[in-house]
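Quantities reported herein were computed from a predicted structural model and do not represent experimental measurements.
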Amino acid sequence: MKKKKIKHIVFDLGGVIVTLDPHLTALKFSELSGKDINEILQYPTKHPIFNQYEKGEVDSASFRKEVCEILEVQADDATIDDCWNAMIIDIPKERLEWLKMLSETHQVSILSNTNEIHISYVDQLLQGHGHYSFHPLVDIVYYSHKINMRKPDANIYQHVLDNSSYLPEETLFLDDNLENINAAVTLGIKAIHVLDANEIPTLLENNGVKK
C-alpha cells in the first residue's frame, strides 16, 4: 500500500519550538522554599493542581495560592510567576522560521500542554521576534488550558483530528515526550520523538517533508 503524503504537521511547544528546562523552575522553587529540589521535581505527578491548571480547571490565582501552600511559603504573584516561568529559556528565531515556511505548504498546528502564566510569558518572548502570538505563523493553536484536555489523553488527539481535514496517516506529530508520542500513534498518527530540537529539519525531511 502506498504511503499517505504528510499534509498536516503538529508541533509540541516545550522542548520542540520553545527551549525548556523544568529543572530551572524546580531550582527557583527550592531557593524560595528551602525544600529539596528533587522533592519539587516530583510535584507535577504528586499534586493534582498542576494537571488541573494545564486543563484549565483552575485559574491562575488558585494555582498560585496552592503552589504557595505546597511550598509552605508566602509570596506575591510576581514571585511565583518568575519561578514558574524560569523553565522557559527562549524561542530560537530559526524555529519560528520553520513554522512560517512549513505553513506555506502544509497545515501546521501547535498542540501543547500549557497554562495561562506560561503562554503569557511565551507571548512576551514572541514580541521580541515581532509576533504577538503563534497564530500568524501557524494555522491553528491548541493549548490544553483552552480546550480543557491534555496530552497524553486520547481525546486531545482526536480533537485535533476532528478539527483537521486530514486523515491520521496524513498527520505528523512532533513531541519531546515519549508517552505523548505513543498515545498519538495509537490513533494512527505518524509521530516523531524529538530528542534534539535542532535536528527537526532533518527529521522532517526523513519523513518526506521537504522545504
Side-chain angles (χ1 to χ4, degrees), residues 1-23 44-45 51 54 87-114 118-119 122 125-126 129 131 133-147 149-211:
M1 183 180 293
K2 187 178 179 180
K3 290 184 178 179
K4 291 280 188 179
K5 181 180 179 181
I6 297 299
K7 299 177 182 178
H8 181 201
I9 307 172
V10 183
F11 288 93
D12 176 34
L13 273 189
V16 176
I17 301 299
V18 177
T19 306
L20 203 69
D21 186 352
H23 283 78
T45 55
N51 283 356
E54 281 191 343
M87 68 175 77
I88 301 171
I89 299 172
D90 66 2
I91 308 174
K93 182 179 179 180
E94 65 271 16
R95 298 182 192 172
L96 301 179
E97 292 172 350
W98 299 343
L99 295 178
K100 184 177 180 181
M101 176 194 68
L102 289 167
S103 67
E104 294 173 357
T105 54
H106 298 74
Q107 183 179 61
V108 178
S109 302
I110 286 173
L111 176 63
S112 177
N113 285 352
T114 189
H118 277 169
I119 290 304
V122 165
L125 294 179
L126 284 171
H129 294 293
H131 305 287
S133 73
F134 282 105
H135 292 283
L137 298 169
V138 302
D139 295 284
I140 191 164
V141 176
Y142 301 97
Y143 290 148
S144 60
H145 70 293
K146 292 290 189 180
I147 60 175
M149 294 176 268
R150 70 184 297 277
K151 299 174 289 186
D153 296 341
N155 62 345
I156 197 168
Y157 302 100
Q158 192 60 54
H159 178 77
V160 172
L161 291 173
D162 290 345
N163 280 278
S164 166
S165 58
Y166 300 114
L167 300 169
E169 57 267 32
E170 295 172 328
T171 300
L172 181 63
F173 173 55
L174 296 90
D175 199 295
D176 67 327
N177 184 301
L178 186 57
E179 186 178 10
N180 295 341
I181 290 293
N182 291 338
V185 169
T186 63
L187 274 76
I189 298 169
K190 190 165 186 177
I192 299 174
H193 184 204
V194 177
L195 299 176
D196 181 353
N198 294 318
E199 295 297 319
I200 287 175
T202 301
L203 295 171
L204 289 172
E205 188 168 346
N206 290 344
N207 284 270
V209 178
K210 299 182 180 181
K211 294 181 182 180

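A donor-acceptor pair is defined here as one N or O able to donate and one able to accept, closer than 3.5 Å; no such pair exists between the side chain of His159 and the backbone of Tyr142. Remark: side-chain polar atoms of Asp196 are paired, donor with acceptor, to backbone N or O of Asn198 under 3.5 angstrom. Without hydrogens or angle criteria, Ser144 side chain to Glu54 main chain gives a donor-acceptor distance under 3.5 Å. No donor-acceptor distance shorter than 3.5 angstrom exists from the side chain of Asp176 to the backbone of Val194, with no hydrogens or angles considered.
Residues Leu187 and Pro168 fail the side-chain proximity criterion, which asks for heavy atoms closer than 4.5 Å. At a threshold of 4.5 Å between non-hydrogen side-chain atoms, the residues Val160 and Ile140 do not count as touching. Contact check for Thr114 versus Val122: no side-chain heavy atoms found under the 4.5 Å cut-off. Annotation: side chain of Asp175 is not in contact with side chain of Leu111 (no heavy-atom distance under 4.5 Å). In this structure, Leu172 and His106 have side chains that are not in contact, with every pair of non-hydrogen atoms separated by 4.5 Å or more. The shortest side-chain heavy-atom distance between Ile192 and Ile200 does not fall under the 4.5 Å cut-off. With contacts defined as side-chain heavy-atom distances shorter than 4.5 Å, the pair Leu126/Leu96 qualifies.
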Stepwise side-chain contact (heavy atoms from CB on, under 4.5 Å) test for Leu204 and Leu174: CA-CA 9 Å; Leu204 289 172; Leu174 296 90; 4.1 Å; yes

His145 vs Ile119, side-chain contact (heavy atoms from CB on, under 4.5 Å): CA-CA, chis, key distance, verdict: CA-CA 10 Å; His145 70 293; Ile119 290 304; 3.9 Å; yes

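Expressed to the nearest 0.5 Å, how far CD1 of Ile110 lies from NE2 of His135 amounts to 8.5 Å. In this structure, Asp153 CG and Asn180 CG are separated by 9.5 Å, a value rounded to the nearest 0.5 Å. Atom CD of Glu179 sits about 11.0 Å away from atom NE2 of His193, to the nearest 0.5 Å.
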Validation: residues 8-21 side-chain donor-acceptor distances under 3.5 Å, sequence neighbours left out:
residue, atom, partner, partner atom, Å
His8, ND1, Ser164, OG, 3.4
His8, NE2, Ser109, OG, 2.8
Asp12, OD1, Lys151, NZ, 2.9
Thr19, OG1, Asp90, OD1, 2.8
Thr19, OG1, Arg95, NH1, 3.4
Asp21, OD1, His23, N, 3.1

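Listed by first and then second residue, the ring-ring contact (aromatic ring centres under 6.0 Å, His included) pairs involving residues 161-191 are Tyr157-Phe173 (not counting sequence neighbours).
Between Ala183 and Pro152, the shortest heavy-atom contact is CB-O, 3.3 Å.
Glu97 pairs by the side chain to side chain contact (heavy atoms under 4.5 Å, CB included) definition with Lys93, Glu94, not counting sequence neighbours.
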